[in-house]
Amino acid sequence: MAGLCRELPPGARGLSTCVCPWQLCGTWVWILVAATSVSFPLLQGWVMYVSLSSCLVSLLLLLSYLFGFHKNSENWKVLDSLYHGTTAILYMSAAVLQANATIHSEFGPNSPLYYQLNCAASFFAFITTFLYILHAFSIYYQ
């Protein structure tokens, strides 16, 4: 993770951790959920919404930071910490719902394939939650 941060342009030297890890894990969540039959649209629809919108907003925040819109403001740290903290809470709800969908998909049609995809999506959802929490606290205590 530290190796990725060294390759960012000079305008991004203030980043404590890269955006890439949670964006990649979040992208895996919605790819894996989309690869299943989505047997539980209410549960997995929320998972897809959270993962996709979080990935896009994180990308927009990264681009705005790289282009220097923050102008070294202290408000940027507050915004970054609040966004990632809120997203961590949303991702925790999505991860729990995805785990519930995984349990229910164990005995469904095509159960081995969809169950394994749902297990992987649940794993990445919890990892993404952890990464968002880690980043929110690292920015807050910086």
### Atom CG of Leu42: over 12 foreign heavy atoms under 6.0 Å
no
### Query
In this structure, are over 12 heavy atoms from other groups packed under 6.0 Å from Phe130 atom CZ?
no
Using modelled atom types only, decide if a donor and an acceptor are shared between the side chain of [X] and the backbone of [Y] within a distance under 3.5 Å.
X	Y	result
Thr129	Ala88	no
Ser58	Cys55	no
Ser93	Leu90	yes
Ser81	Lys77	no
Ser138	His135	yes

Applying a strict under-4.5 Å side-chain criterion to I, L, V, M, F, W and Y, I'd like to know whether [X] and [Y] cluster together.
X	Y	answer
Phe126	Phe137	no
Ile89	Tyr83	no
Tyr65	Leu56	yes
Leu59	Phe69	yes
Tyr49	Phe124	yes

### Task
With sequence neighbours left out, write down each residue that passes side chain to side chain donor-acceptor pair (under 3.5 Å) with Thr102, or none if nothing qualifies.
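Partners of Thr102 under the side chain to side chain donor-acceptor pair (under 3.5 Å) test: Ser122.
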### Summary
By side chain to side chain donor-acceptor pair (under 3.5 Å), Trp28 pairs with (sequence neighbours left out) none
Could you state the interatomic distance from [atom1] ([X]) to [atom2] ([Y]), rounded to the nearest 0.5 Å?
X	Y	atom1	atom2	result
Trp46	Ser51	CH2	OG	10.5 Å
Leu52	Ile31	CG	CD1	10.0 Å
Leu24	Ile127	CG	CD1	13.0 Å
Thr87	Met92	OG1	CE	13.0 Å

### Task
Show your reasoning for whether side-chain contact (heavy atoms from CB on, under 4.5 Å) applies to Leu61 and Trp76.
CA-CA 10 Å; Leu61 281 174; Trp76 178 261; 3.9 Å; yes
Measuring only between side-chain heavy atoms, which start at C-beta, is [X] closer than 4.5 Å to [Y]?
X	Y	value
Cys25	Leu131	yes
Val96	Asn100	no
Gln98	Val29	no

### Message
To check you understand the geometry: which heavy-atom pair defines the closest contact between Thr36 and Val33, and what is its length?
### Response
OG1-O, 2.7 Å
### Task
Taking all heavy atoms of Ala121 and all of Leu32, pick out the closest pair and write down the distance.
N-CD1, 3.6 Å
### Task
Measure the acute angle between the ring planes of Tyr132 and Tyr91, then classify it against the limits of 30° and 60° as parallel, tilted or perpendicular.
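Tyr132 vs Tyr91 ring planes: parallel.
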### Derivation of the side-chain contact (heavy atoms from CB on, under 4.5 Å) call for Asn118 and Gln44
CA-CA 10 Å; Asn118 282 323; Gln44 292 178 307; 3.0 Å; yes
